[in-house]
Amino acid sequence: MSARRTQVAIIGSGPAGLLLGHLLKAEGIDCIVLERQTREHVESRIRAGVLETVTTDLMHRLGLDERMNREAMVEDGFNLADGDMLVRIDIKALTGKTVVVYGQTELTRDLIAAAPQRELEIVFEAQDLALHDVDSDQPSVTYTKDGVVTTLACDLIAGCDGFHGPSRRAIPAHLVREYMHEYPFGWLGILADVPPCHDELIYANGPRGFALASMRSTTRSRYYIQVPLTERIEDWPEDRLWDELEGRFNGISQHGVTRGPALEMSIAPLRSYVFETMRHGRLFLAGDAAHIVPPTGAKGLNLAASDVHYLSDAIIGFYRRQDEQAMLGYQAKALSRIWKAERFSWSLTKLMHSFPDQGPFERRMQMAELDYLSRSPAMQTAIAENYVGLPV
Ligand code: APR
Ligand code: PHB
């Protein structure tokens, strides 16, 4: 048994936990990040890769944006396609803002690599984590590492432990409301060291459903296609997937699809989910622990960053003024932005996918909406300002 103390116990070393840890440390607030997985596991997870200003601003504020500035690709626009119709959304002209292509994996690596020099402690392989007394002013977290059980006493707990973590479940069920919407398909993704087929992202719909051409760099591509939830990765030999991607993108892309060996292939389900409340006593939730968006629009990581933006302000205010009032505004601010990102991801998902129960009428509605979008600067602006991220 061992006993330790810190000011803020942060559960989870995904982008939410790591960004929060660095922001608090930069203000002299003591914190420890507790992570169930190994460092190697965390650093090799493949996730989305489009960053809004809220995320790049946090990296800049932390002084951890050097590699990102060097390697990331700045995107002035993206494309929505249906069949052979390609509509370019000029986000820079419409909003004055851009997005940045930089993998979540790279951002996570930068944050972990900088931890020792910033004296941010990350405990990897912290097993059997449990939260205690979260509604008292002396909460704690217990975990086991290398066979030793540690009790970490703290002032506050930040639950940044993703969709499957224990933090959310530490809030009594009668105090919460869950909102869930599941989609009847998943995304099959492939990562490969081949040049992207287009200089900007293409979200494509068509009679065969959704496909996305994305990238990580000028030499690394990321593609996805919509697949039924019953499909297994074994159903998709690489050549079958490349055939499908060529069929979808060769006619509409600048360079055409280049094939190459897969570095990673995986299938992920799509869901929308919001957990209200994001605070119970001294426990605060942030990121995927409190909400999930379907990946259409790449809002997951950016929402985690905006939660952390608000939560770090609240915690810093609490320590500066020694006043719990500073923390009252967190969930209202966070949820107001979360619901709008939920709406955008849901509407873009509905516009760009084939639904099993979709008839010819619903298909025509999708085509009419994209046709309208192609001619309406007002509608393009609405899409663009959501894509670059609503203000924090
Ligand atoms: N104990 C400690 N850590 C845990 C536990 C636990 N019991 N359960 C989960 N975790 C860790 C996970 O291993 C993971 O590293 O919490 C972390 C949560 O990280 P993410 O899932 O990346 O969530 P978040 O930081 O909110 O980032 C949101 O990342 O997951 C993507 O699609 C998501 O893009 C979105 C963004
Ligand atoms: C990705 O590059 O992985 C990606 C890009 C945009 C999305 C989702 C995923 O909307």
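For ligands, and for the atoms within them, numbers begin at 1 and follow the listed sequence.
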Participant: Tell me whether G297 has any N or O atom under 3.5 angstrom from an N or O of ligand 2.
Facilitator: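 Right, the criterion is met.
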Participant: Side chain, backbone, both or neither: which part of L201 comes within less than 4.0 Å of ligand 2 when only heavy atoms are counted?
Facilitator: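 Under 4.0 Å from ligand 2, L201 contributes side-chain atoms alone.
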Participant: Run down the list F78, Y203, W187 and name the one with the heavy atom closest to atom 10 (O) of ligand 2.
Facilitator: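 Answer by nearest heavy atom: Y203.
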Participant: Look at the side chain of Q358 and the backbone N and O of F355, then say whether any donor-acceptor pair between them is shorter than 3.5 Å.
Facilitator: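 At least one qualifying donor-acceptor pair exists.
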Participant: Whether K145 engages the ring of F124 as a cation-pi pair (distance to the six-membered ring centre under 6.0 angstrom, angle to the ring normal within 45°) should be assessed.
Facilitator: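 No; the conditions do not both hold, so K145 does not lie above the ring face of F124.
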Participant: Taking both backbone and side-chain atoms of H164, is any N or O found less than 3.5 Å from an N or O belonging to ligand 1?
Facilitator: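 Looking only at distances, the answer is no, because the N/O contact criterion of under 3.5 Å is not met.
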Participant: Would you indicate whether the side-chain heavy atoms of L301 and L51 approach each other to under 4.5 Å?
Facilitator: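 Side chain of L51 against side chain of L301, heavy atoms only: contact under 4.5 Å found.
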Participant: Report yes or no: does R45 have a heavy atom closer than 4.0 Å to ligand 1?
Facilitator: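 R45 counts as a contact of ligand 1 under the 4.0 Å cut-off.
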Participant: If you take the nearest heavy atom of each of S214, G300, S345, which one is closest to atom 5 (C) of ligand 2?
Facilitator: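 Heavy atom nearest to atom 5 (C) of ligand 2 belongs to S214.
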Participant: Is it true that R259 and E238 make a salt bridge, defined as a side-chain N closer than 4.0 Å to a carboxylate O?
Facilitator: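 Answer for the salt bridge query: no.
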Participant: For H309 and D57, does a side-chain donor sit closer than 3.5 Å to a side-chain acceptor?
Facilitator: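 No donor-acceptor contact under 3.5 Å links the two side chains.
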Participant: Please determine whether any non-hydrogen atom of P166 lies less than 4.0 Å from an atom of ligand 1.
Facilitator: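 Yes; P166 lies near enough to ligand 1 that a heavy-atom distance drops under 4.0 Å.
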Participant: Apply ring pair (Phe, Tyr, Trp, His ring centres under 6.0 Å) to H181 and Y179, showing your working.
Facilitator: CA-CA 7 Å; H181 182 81; Y179 301 84; over 10 Å; no
Participant: Is it true that V388 and V101 fall in one hydrophobic cluster, defined by side-chain heavy atoms closer than 4.5 Å?
Facilitator: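 Yes, it is one cluster - the side chains of V388 and V101 are joined through contacts under 4.5 Å.
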Participant: When you look at R39 and E43, which way does the salt bridge (Lys or Arg N to Asp or Glu O under 4.0 Å) test go after all the steps?
Facilitator: CA-CA 6 Å; R39 175 175 177 170; E43 291 191 331; 3.2 Å; yes
Participant: Can you confirm whether the side chains of Q138 and S140 place a donor and an acceptor under 3.5 Å from each other?
Facilitator: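 On atom types as modelled, these side chains do not qualify, holding no pair under 3.5 Å.
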Participant: With side chains defined as the heavy atoms from C-beta onward, is the minimum distance between V100 and E75 less than 4.5 Å?
Facilitator: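 V100 vs E75: side chains apart.
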Participant: Can you name the atoms of ligand 1, numbered from 1 with element, that are less than 4.0 Å from a heavy atom of L34?
Facilitator: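 Ligand 1 atoms under the 4.0 Å threshold to L34: 2 (C), 3 (N).
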Participant: Enumerate the atoms of ligand 1 whose separation from the nearest heavy atom of G165 is less than 4.0 angstrom.
Facilitator: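 In order of number, 8 (N).
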Participant: To the nearest 0.1 Å, how far is atom 28 (C) of ligand 1 from its closest protein heavy atom, and which atom is that?
Facilitator: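 The answer is D288 OD1, 3.4 Å.
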Participant: Ligand 2 and R216, any nitrogen or oxygen pair closer than 3.5 angstrom?
Facilitator: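 Indeed, backbone or side chain, R216 has an N or O that close.
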Participant: Of the protein's non-hydrogen atoms, which lies at the shortest distance from atom 11 (C) of ligand 1, and what is that distance?
Facilitator: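 Checking every protein heavy atom, the shortest distance to atom 11 (C) of ligand 1 gives E35 OE1, 3.3 Å.
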Participant: Looking only at distance, does L212 have an N or O less than 3.5 Å from an N or O of ligand 2?
Facilitator: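 Among all N and O atoms of L212, none is under 3.5 Å from an N or O of ligand 2.
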Participant: Students should be able to answer this: which protein heavy-atom is nearest to atom 27 (O) of ligand 1, and at what distance?
Facilitator: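 Going by distance alone, atom 27 (O) of ligand 1 is nearest to P15 CD, 3.5 Å.
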Participant: Please write down residue, atom name and distance for the protein heavy atom closest to atom 3 (O) of ligand 2.
Facilitator: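 Result for atom 3 (O) of ligand 2: Y224 OH, 2.6 Å.
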Participant: Has Q104 got any heavy atom lying under 4.0 angstrom from an atom of ligand 1?
Facilitator: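 Judged by the 4.0 Å heavy-atom criterion, Q104 does count as contacting ligand 1.
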Participant: Please say whether Q37 places an N or O atom under 3.5 Å from an N or O atom belonging to ligand 1.
Facilitator: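 In fact, backbone or side chain, Q37 has no N or O that close.
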Participant: In the protein, what heavy atom is nearest to atom 22 (O) of ligand 1, and what distance, to one decimal place, separates them?
Facilitator: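 Checked against all protein heavy atoms, atom 22 (O) of ligand 1 sits closest to R47 NH1, 3.1 Å.
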Participant: For Y183 and W346, I'd like to know if the aromatic rings sit close, meaning centre-to-centre distance below 6.0 Å.
Facilitator: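 No, the ring of Y183 stays outside the 6.0 Å limit from the ring of W346, centre to centre.
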Participant: Among protein heavy atoms, which sits nearest to atom 8 (C) of ligand 2, and what does the distance come to when rounded to 0.1 Å?
Facilitator: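 Answer, as residue, atom name and distance: P295 O, 3.4 Å.
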Participant: Should the pair E119-K25 be classified as a salt bridge under the 4.0 Å nitrogen-to-oxygen rule?
Facilitator: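 A salt bridge is absent here (no side-chain N lies under 4.0 Å from a carboxylate O).
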Participant: For residues Y223 and L263: do they belong to one hydrophobic cluster (side chain heavy atoms under 4.5 Å, members Ile, Leu, Val, Met, Phe, Trp, Tyr)?
Facilitator: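 No, separate clusters.
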Participant: Which of the numbered atoms in ligand 2 are below 4.0 angstrom from a heavy atom of A298?
Facilitator: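 With A298 as reference, the close atoms of ligand 2 come out as 6 (C), 7 (C), 10 (O).
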Participant: Please check whether G287 reaches ligand 1 - meaning an N/O of the residue sits under 3.5 Å from an N/O of the ligand, judged on distance alone.
Facilitator: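 No, there is no polar N/O contact under 3.5 Å.
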Participant: Find all atoms of ligand 1 within a distance of less than 4.0 Å from any non-hydrogen atom belonging to G14, and give their numbers and elements.
Facilitator: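 That gives atoms 15 (O), 17 (C), 19 (O), 22 (O), 25 (O) of ligand 1.
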Participant: For atom 9 (C) of ligand 1, which protein heavy atom lies nearest, and how many Å away is it?
Facilitator: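 Here the nearest protein heavy atom works out to D161 O, 3.2 Å.
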Participant: Short list, please: which atoms of ligand 1 are under 4.0 Å from a heavy atom of G300?
Facilitator: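 Matching atoms, with element in brackets: 34 (O), 35 (C).
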Participant: How close does the nearest protein non-hydrogen atom get to atom 1 (N) of ligand 1, and which residue and atom is it?
Facilitator: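 The protein heavy atom lying closest is R36 CB, 3.7 Å.
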Participant: Looking just at side-chain N and O atoms, do S217 and E71 make a donor-acceptor pair shorter than 3.5 Å?
Facilitator: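 No.
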Participant: Out of curiosity, does M73 fall in the hydrophobic cluster containing Y387 (side-chain heavy atoms, cut-off under 4.5 Å, transitive links)?
Facilitator: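 As far as the 4.5 Å side-chain criterion goes, M73 and Y387 are connected within one cluster.
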Participant: Could you tell me, atom by atom, which parts of ligand 2 come under 4.0 Å of a heavy atom of V50?
Facilitator: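 Those atoms are 5 (C), 6 (C).
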Participant: Any N/O of A16 closer than 3.5 Å to an N/O of ligand 1?
Facilitator: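 By distance alone, the answer is yes.
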Participant: Measure up the W187 and H353 rings against each other and bin them: parallel (under 30°), tilted (30 to 60°), perpendicular (over 60°).
Facilitator: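 The arrangement is parallel - the two ring planes meet at less than 30°.
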Participant: Between E276 and R177, does at least one N-O distance fall below 4.0 Å, as a salt bridge requires?
Facilitator: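 Result for this pair is no, no salt bridge flagged.
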Participant: Hey, which atoms in ligand 1 end up nearer than 4.0 Å to a heavy atom of G162?
Facilitator: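 Taking each heavy atom of G162 in turn, ligand 1 has 18 (C), 21 (O), 23 (O) under 4.0 Å.
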Participant: Could you list the atoms of ligand 1 found under 4.0 angstrom from a heavy atom of C160?
Facilitator: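 Those of ligand 1 that fall under 4.0 Å from C160 are 16 (O), 17 (C), 18 (C).
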